[in-house]
Amino acid sequence: MALPTVHEVDLFRCFCPVFFHIQMLWELVLLGEPLVVMAPSPSESSETVLALVSCISPLKYCSDFRPYFTIHDSEFKEYTTRTQAPPSVILGVTNPFFAKTLQHWPHIIRIGDIKLPGDVPKQVKVKKLKNLKTLDSKPGVYTSYKPYLNKDEEIVKQLQKGVQQKRPTEAQSVILRRYFLELTESFIIPLERYVASLMPLQKCISPWKSPPQLRHFSQDEFMKTLEKAGPQLTSGLKGDWIGLYRHFLKSPNFDGWFRSRQKEMTQKLEALHLEALCNENLVFWSQKHTEVEAVDLVLKLKNKLLQADREHLPVKTDTLKKLQAHIHDIILALPDDLQDILLKTGTT
């Protein structure tokens, strides 16, 4: 897995100025919504952007994110234009000029100097975007977004209690990271379970036919599974989970996640097909068929080996060796002139 950074950011320190809204921020990142982080320094904007990207782990954030975006970046005009909707990207900025040029963005997080809190942070309401006109706007979240899920008061109380008891910020970050992890897993498990059901049964895999295709992802079919096998099995949070899923299925994060799962399952099917071929008596088959068919089989098997190596298919080394032995035995059963040609066309 490609990590956005080898440096694990201090989640609690980054989210402390807006931690009453961490669940809403999780939703915005999950859905790939356009987000701007306005911070006093490059390090604070960068750390906050990386904290946002990491909050949906183990789900990979598939849109673009710029921990420190400036007026000199090549996309400056594209991101500040009002003639089109802002793209799915998280920007970290420090220049006060952006308070005006990015005012049309739907979700803006304004943070002050990140300090370790000595007392309990005060409840800060979500602010309207129209209030972000002055350069001295107060820290907070400026958006008209209404979260799909009901607010989890427990995590807020747990973190507030930690501040009162002077719990180390590292411990607070561990609590917050675990909270985000459990929330993301509760959300993604029903999708994982449904996508696994799109995989053809192993008995459908025949060595003499191409590997079967995955079943098509049906949004309606998936939504029906949520009634009995939804996030309520692992999360006590109430709210419009169905609405959240519908929105997520249109997002770049779903597209990236599903493509990755599709690739994994397709490779698994190819690997199972290779194993099915290895378990056949291929030499006996070739002897019952014409030389042309035997040569065609050898070439196809060689291509299978090349594909396994090129695509790093999840195939055991013993399976590959067995297939190489099959190829060698089939070639040796052919006339000498064909043997010479086939032995020269690649490794057996």
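Because the structure is a prediction, the values reported are computed rather than measured.
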Under a 4.5 Å side-chain heavy-atom rule over Ile, Leu, Val, Met, Phe, Trp and Tyr, are [X] and [Y] clustered together?
| X | Y | value |
| --- | --- | --- |
| L299 | V283 | yes |
| Y194 | I189 | no |
| I330 | W208 | yes |
| Y68 | L52 | no |
| L332 | L338 | no |

If you define the side chain from C-beta out and look only at heavy atoms, does anything of [X] sit under 4.5 Å from [Y]?
| X | Y | value |
| --- | --- | --- |
| V49 | L35 | no |
| F98 | V36 | no |
| H326 | L277 | no |
| S251 | S88 | no |
| Q307 | L274 | no |
| T101 | N95 | no |
| M223 | L249 | yes |
| F248 | L191 | yes |

Quick check: closest heavy atoms across [X] and [Y], and the distance to 0.1 Å?
| X | Y | answer |
| --- | --- | --- |
| I56 | T184 | O-CG2, 3.1 Å |
| P190 | Y245 | CG-OH, 3.4 Å |
| V315 | A271 | CG2-CB, 3.7 Å |
| S286 | A294 | CB-CB, 4.0 Å |
| Q23 | L237 | NE2-CD1, 3.8 Å |
| M38 | A99 | CE-CA, 3.5 Å |

Check against side-chain contact (heavy atoms from CB on, under 4.5 Å), H247 and E33: CA-CA 10 Å; H247 195 154; E33 286 287 308; 3.3 Å; yes

Side chain [X], main chain [Y], donor-acceptor under 3.5 Å:
| X | Y | result |
| --- | --- | --- |
| R261 | V195 | no |
| S54 | A51 | yes |
| H104 | T81 | yes |
| Q267 | E311 | yes |
| Q172 | R13 | no |
| T94 | A39 | no |
| H107 | Y142 | no |

Kindly compute the distance separating [atom1] ([X]) from [atom2] ([Y]), expressed to the nearest 0.5 Å.
| X | Y | atom1 | atom2 | answer |
| --- | --- | --- | --- | --- |
| L176 | C14 | CG | SG | 10.0 Å |
| N253 | L31 | CG | CG | 8.0 Å |
| I22 | F12 | CD1 | CZ | 9.0 Å |
| N303 | R310 | CG | CZ | 8.0 Å |
| M199 | L269 | CE | CG | 4.0 Å |
| D10 | T169 | CG | OG1 | 3.5 Å |

Taking atom CD of E153 as the centre, does the number of heavy atoms from other residues, nucleotides or ligands within less than 6.0 Å exceed 12?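 More than 12 heavy atoms, drawn from other residues, nucleotides or ligands, come within 6.0 Å of this atom.
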
Are D296 and K300 close enough for a salt bridge, meaning some N to O gap below 4.0 Å?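 Counted as a salt bridge, because a side-chain N and a carboxylate O are separated by less than 4.0 Å.
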
Is any NZ, NE, NH1 or NH2 atom of the basic residue among R259 and D255 found under 4.0 Å from an Asp or Glu carboxylate oxygen of the other?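 Counted as a salt bridge, because a side-chain N and a carboxylate O are separated by less than 4.0 Å.
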
By salt bridge (Lys or Arg N to Asp or Glu O under 4.0 Å) - contacts of [X] (at least two apart):
| X | answer |
| --- | --- |
| E270 | K304 |
| E75 | R66 |
| D240 | none |

With sequence neighbours excluded, residues passing ring pair (Phe, Tyr, Trp, His ring centres under 6.0 Å) with Y61: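 Here no residue qualifies.
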
Compute the centroid of each ring, for F258 and then for F254, and state whether the two points are separated by less than 6.0 Å.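 Centroid separation for F258 and F254: below 6.0 Å.
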
Q158 vs Y179, test: side chain to side chain donor-acceptor pair (under 3.5 Å). Steps then yes/no. CA-CA 11 Å; Q158 197 177 355; Y179 166 75; over 6 Å; no

Check against side-chain contact (heavy atoms from CB on, under 4.5 Å), H21 and I109: CA-CA 10 Å; H21 311 300; I109 303 166; over 6 Å; no

Trace of the side-chain contact (heavy atoms from CB on, under 4.5 Å) decision for K322 with E275: CA-CA 9 Å; K322 198 173 176 183; E275 286 177 21; over 6 Å; no

With sequence neighbours excluded, what pairs up with Y79 under the side chain to side chain donor-acceptor pair (under 3.5 Å) test?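 Y79: no side chain to side chain donor-acceptor pair (under 3.5 Å) contacts found.
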
Given side-chain contact (heavy atoms from CB on, under 4.5 Å), test E182 with R178 step by step and report yes or no. CA-CA 6 Å; E182 289 173 358; R178 186 170 62 238; 3.5 Å; yes

Enumerate donor-acceptor pairs with a distance under 3.5 Å from any side-chain N or O in residues 211-219 to protein atoms, sequence neighbours excluded.
{"from": "R215", "atom 1": "NH1", "to": "E221", "atom 2": "OE1", "distance (Å)": "3.4"}
{"from": "R215", "atom 1": "NH2", "to": "S197", "atom 2": "O", "distance (Å)": "3.4"}
{"from": "S218", "atom 1": "OG", "to": "E221", "atom 2": "N", "distance (Å)": "3.1"}

Anything under 30° is parallel, anything over 60° is perpendicular, the rest tilted; go ahead and classify W26 against F187.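 W26 and F187: perpendicular rings.
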
Check V37, L102, I108 against L91 for a side-chain contact (heavy atoms from CB on, under 4.5 Å) and give me the one that passes.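 For L91, the side-chain contact (heavy atoms from CB on, under 4.5 Å) check succeeds only for L102.
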
